[in-house]
Each structure stands twice: as C-alpha cells, then as structure tokens.
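The figures here come from the full heavy-atom set of this structure, side chains too, leaving out hydrogens, waters and symmetry mates. Just so you know, ligand 1 is whichever comes first in the structure, and atom 1 is the first atom listed for that ligand.
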Amino acid sequence: MSGDAFEPTRVHVGGDHPYDVVIGTGLLGELPGLLGDGVQRVAVIHPGALRATADAVRDDLLAQGFEAHAVEVPDAEDAKTAEVAAYCWSVLGRIGMTRSDAVVGIGGGATTDLAGFVAASWLRGVKWVPVPTTVLGMVDAAVGGKTGINTAEGKNLVGAFHPPAGVLCDLAALSSLPVNEYVAGLAEVVKAGFIADPTILDIVEADPAGAARPDGPYVRDLVVRSVRVKADVVGADLRESGLREILNYGHTLGHAIEKLERYKWRHGAAVSVGMVFAAELGRLAGRLDDDTADRHRRILELLGLPTSYDGSAWPRLLDTMRIDKKSRGDRLRFVVLDALGKPGILEAPDPQLLTAAFTEVAR
Ligand SMILES: NC(=O)c1ccc[n+]([C@@H]2O[C@H](COP(=O)([O-])OP(=O)(O)OC[C@H]3O[C@@H](n4cnc5c(N)ncnc54)[C@H](O)[C@@H]3O)[C@@H](O)[C@H]2O)c1
Ligand SMILES: O=C(O)C(=O)C[C@@H](O)[C@H](O)[C@H](O)COP(=O)(O)O
Ligand SMILES: [Zn+2]
C-alpha cells in the first residue's frame, strides 16, 4: 500500500466535483489546503465529546489567519434533527457566513452528516470539509457527499448530495474511540468487502481479534481499501441514479431497525443484521451461493457484531422499510449479491420471500 506512517495516502474521488480523501496521521496542517482559496470564516461543527479536537483545529485555523468559530452540537444521532440544523443556521447567520466561507464537521458520521447538510442548505450551498473521527465516518459517511438528517418518519429522510472539498482522515483520532464504536464501524468495512473488495474479508477472517482493535495492525489497510471502494462508486454515480445503490447493502432492514430502536442501536450494528438478512434474501431468491451467504454471519460474528433481531418486530420493520429511498411507489427494492463482489437489485420480492429471509435472522 502507498504511504507510510509519515506520508498520507490520498484517494481521489472523481466525477464532476473531484476531491481527495487524505488518510494518515498528524494531518491538521492539511486542512487549509483542502479548504482552498478565498475562505475567510470557518464554522467548526462538533459534538461535546470532540471539543478538545475541535478547539485544536479552531486554534490552528485562527493561527493561519482564518476567522474560526466552534459550533457545538448534541452527540451522535441526536445531532441529526431539523432543530439542530436550525440552530446551526442561526449561528452561521450570526457570524456572517457568506458563500465564500466554509463549514468543517469534526466527529462521527452523525456529525458529518449534519455538518454537510448545514453546508448544503446554507445560502444554497457552501464549501465543507469533513474531519471524520470514527472508522465508520472515515470509510463511509464522510466520503461521497450524502448529507442529511432524520425525521420522525425515518432515517436520513431529508438531505442533499453535496460533495465536500476534501476529507481529512487522521487515524490518530481512533485512539480515543471506544472499541465497541470501532467494531460497529467495521460493519461498513465488511460491507465494502462483500460488495467489491473480498481481500477485506480475508484480512478479517485471518485475524479477527487484530482486525477488531482500533490500534491493531490492519487499521490503515482496511480504511484505505474501504475508502477506495466508496470513492470508485460515488465518483461514478454521485446522485445514486444506479450504481451507488450498492452502498446501501444491508441498509434497508438496518435503517428500519435503527428507527425502531429510536437510534439507540449503533448504525453499524443495525447494518450488520441487515447484511445477514440481505444475504438470506439473495440465497432464498436463488441468486447467492450458500458459502457466500454463510460467510456473512460468520465474519460479522467473528467481529462481535449482532446478526439477529427480535422476531416479533417483523410487521413494524416491514412497514418502516416501505419508506426506504430505494423504494419506487409500492415496490420495495433490496441490494442483494449474485456472487461475492457482484451486487445487484432484487425488485419487489414476494412478501413470503421477505418473511422467510427475516425468519433466518429472527430470535
Ligand atoms: N453520509 C453517508 O454516506 C453515511 C454513511 C454511513 C453512515 N452514515 C451515518 O453515520 C452515522 C453513524 O456514524 P458513527 O458510527 O460514526 O456514529 P456517531 O457519529 O454517532 O459517533 C459515535 C460516537 O462516537 C463518539 N466519537 C466520535 N469520534 C470519537 C473519537 N475519536 N473518540 C471518542 N469518541 C468519539 C461520538 O461522540 C458518538 O458518541 C449514522 O447517522 C449513519 O446514518 C452516513
Ligand atoms: O453512500 C451511500 O450511498 C450509502 O448508502 C452509504 C451508507 O452506508 C450510509 O449509511 C448512507 O447514509 C445511507 O443512505 P440512505 O440514502 O439510505 O439514507
Ligand atoms: Zn451506512
């Protein structure tokens, strides 16, 4: 792999709005470069848990001549609400943020989803740079410009495609991340493995204990590989007109679980159950071989991720899944695998097939 402890790896995201994802350690100095020319004011949106990091970033920006303002928001999924977005808009108004200024989002995927949405909606779109501090944020949420908030009806129902000017993944941030958060984030890494890069799965299977450690030997390789998968997809299909749907593998059921759990389950944990369900759907639809289907449960359990859910919740889950963004009218649509690394769409599956697949994850 390119890059060593001192030299960052740059993954290029192509398309109409190209940018780089910079992955390494000690990357604070890269931020002004990613912000680019002409920026005067910077709003640094962060949760309380990342206050020290945000203060360091703000001080660094101040020292470099920017007018930097810290904007503290609620932690985790509590930030992804219309009320919190409105609070951020009021701060941007008070500090006089113009179209040549920028938003920086520091935190996990919830914070960067909110920050990106605030940037997308303020003045109909200002520049933004996510600085993800969870593995999930680095490998998935901060890359690709999908920004948004939740509503009472479901997950990420309001948002915008608003690509960042660049993404700064400082792997040193992971040293303070609780192990359970790190492991939850690995669900999206495993997703990248199943849909596009099976070497990820080989790494996890060869040393699951090592792979599950935020200070383990595979962090950089797993992050870079997963970012490459995501960059290739979103570079080709920013607005999810086709290919990008594969990144939603495991999310149709996963998002429904998150909503039912009032967002107290971690996103990655819900996606983990959702991927086992999707694998069973693929198998029962006659599209996926047994070995690859079984491999889902085995790998996710090796990492300590959940692979089952309350069986009595099925009617409510099914109802919630109808508002998934991949649905078209009354037709539910699921990402399934036709083979390892070969995702496809299962259109309007028979309700009995769905129930049979859920029975395989029900407890
Ligand atoms: N936009 C996208 O393409 C995309 C992709 C995947 C997931 N997501 C979204 O991302 C969110 C999940 O993100 P997440 O798993 O990063 O969770 P999160 O943002 O809720 O963060 C998890 C927790 O870790 C804490 N934390 C973050 N960084 C830390 C650090 N370095 N040290 C200590 N604590 C730290 C946070 O304060 C929070 O309590 C969901 O809302 C999901 O929908 C978006
Ligand atoms: O980037 C994408 O596209 C994804 O689907 C990545 C997912 O991991 C992520 O959770 C995303 O936020 C889900 O998007 P949604 O459109 O289903 O809300
Ligand atoms: Zn996800």
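- Atom 17 (O) of ligand 2 has N248 ND2, 2.9 Å as its closest protein atom, hydrogens excluded (heavy atom only).
- Checked against a 3.5 angstrom limit, the closest N/O atoms of H255 and ligand 1 fall outside it.
- Electrostatic pairing of D202 and R295 counts as a salt bridge here, judged by a charged N lying under 4.0 Å from a carboxylate O.
- A side-chain donor-acceptor contact under 3.5 Å links R220 and T9.
- If you number the atoms of ligand 1 from 1 as listed, the ones under 4.0 Å from a heavy atom of K230 come out as 3 (O).
- A salt bridge is defined here as a Lys NZ or Arg NE, NH1 or NH2 lying under 4.0 Å from an Asp or Glu carboxylate O, and R283 with D294 meets this definition.
- Note on E245 versus K325: no salt bridge recorded, every NZ/NE/NH1/NH2 to OD/OE distance being 4.0 Å or above.
- The nearest protein atom to atom 44 (C) of ligand 1, hydrogens excluded, is given as D113 OD2, 3.2 Å; this is a heavy-atom distance.
- Through direct or indirect side-chain contacts shorter than 4.5 Å among Ile, Leu, Val, Met, Phe, Trp and Tyr, I323 is connected to L157.
- Counting heavy atoms closer than 4.0 Å to ligand 1, residue L174 contributes nothing at all.
- Nearest heavy atom pair, residue P47 against residue I106, reads CD-O, 3.2 Å.
- Judged by distance alone, the side chain of R41 and the main-chain N or O of G96 form a donor-acceptor pair under 3.5 Å.
- Proximity of a side-chain donor or acceptor of D237 to a complementary backbone N or O of L243 within less than 3.5 Å is detected.
- At under 3.5 Å, not a single nitrogen or oxygen of T147, backbone or side chain, sits near a nitrogen or oxygen of ligand 1.
- Here A110 has heavy atoms under 4.0 Å from ligand 1 in both its backbone and its side chain.
- Here the protein heavy atom with the shortest distance to atom 16 (O) of ligand 2 is K146 NZ, 2.8 Å.
- Side-chain contact between L61 and V57: present, with at least one pair of heavy atoms (C-beta onward) separated by less than 4.5 Å.
- By the 4.0 Å N-to-carboxylate-O rule, E77 lies close enough to K155 to be salt-bridged with it.
- Here the heavy atom of the protein found nearest to atom 35 (C) of ligand 1 is L177 CD1, 3.7 Å.
- Residue-level proximity to ligand 1 for H267 is carried by the side chain, the only part with a heavy atom below 4.0 angstrom.
- Taking every non-hydrogen atom of K191 and a distance limit under 4.0 Å, the qualifying atoms of ligand 2 come out as 6 (C), 7 (C), 8 (O).
- With side-chain heavy atoms closer than 4.5 Å counting as contact, directly or through intermediates, the hydrophobic cluster containing V158 also holds I45, V71, V73, V84, Y87, W89, V91, L92, I95, M97, V103, L114, F117, V118, W122, L123, V126, W128, I149.
- Of the protein's non-hydrogen atoms, the one nearest atom 23 (C) of ligand 1 is E181 OE2, 3.5 Å.
- The N/O atoms of G109, backbone and side chain alike, include one that comes under 3.5 Å of an N/O atom in ligand 1.
- Note: no N/O pair closer than 3.5 Å links R244 and ligand 1 by distance alone.
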>> Apply salt bridge (Lys or Arg N to Asp or Glu O under 4.0 Å) to residues D197 and R228 and explain how you reach the verdict.
In response: CA-CA 9 Å; D197 181 0; R228 285 194 176 127; over 6 Å; no
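- Counting only heavy atoms, the protein never gets under 4.0 Å from atom 25 (C) of ligand 1.
- Here the heavy atom of the protein found nearest to atom 9 (C) of ligand 2 is H251 NE2, 3.7 Å.
- Its side chain outside the 4.5 Å cluster rule for every partner, L62 clusters with none of the Ile, Leu, Val, Met, Phe, Trp and Tyr residues.
- Annotation: E258 places no N or O atom under 3.5 Å from an N or O atom of ligand 1; distance criterion only.
- Residue D75 has at least one heavy-atom neighbour below 4.0 Å for each of these atoms of ligand 1: 36 (C), 37 (O), 38 (C), 39 (O).
- D170 places a side-chain N or O within 3.5 Å of a backbone atom of A172 that can act as its donor or acceptor partner.
- At a heavy-atom cutoff of 4.0 Å, ligand 1 is contacted by the side chain of L136 but not by its backbone.
- Of all atoms in ligand 1, listed by their number and element, those nearer than 4.0 Å to a heavy atom of S176 are 30 (C), 31 (N), 32 (N), 33 (C).
- The heavy atom nearest to atom 6 (C) of ligand 2, considering only L136, D113, D140, T147, is found in D140.
- The pair D101-K127 does not meet the salt-bridge criterion, since no charged nitrogen lies less than 4.0 angstrom from a carboxylate oxygen.
- Nearest heavy-atom pair, M138 versus A173, reported as atom, atom and distance to 0.1 Å: CE-CB, 4.5 Å.
- The aromatic rings of F277 and F358 sit perpendicular, their planes meeting at an angle over 60°, well past the 30° parallel limit.
- The protein heavy-atom contact nearest to atom 4 (C) of ligand 1 is A141 CA, 3.3 Å.
- The closest non-hydrogen atom to atom 18 (O) of ligand 2, taken over K325, H267, K326, comes from K325.
- Checked against a 3.5 angstrom limit, the closest N/O atoms of E188 and ligand 1 fall outside it.
- Electrostatic pairing of R10 and E30 counts as a salt bridge here, judged by a charged N lying under 4.0 Å from a carboxylate O.
- Of the N or O atoms in G107, none lie within a sub-3.5 Å distance of an N or O in ligand 1.
- Close approach of ligand 1 to K146 is summarised as follows: ligand atoms under 4.0 Å from at least one heavy atom of the residue are 1 (N), 2 (C), 3 (O).
- The distance cut-off of 2.8 Å around the Zn ion (ligand 3) captures these protein N, O or S atoms, sorted by chain and number: E188 OE2, H251 NE2, H267 NE2.
- One finds a salt bridge joining E205 and R298 here, because a Lys/Arg side-chain nitrogen approaches an Asp/Glu carboxylate oxygen to under 4.0 Å.
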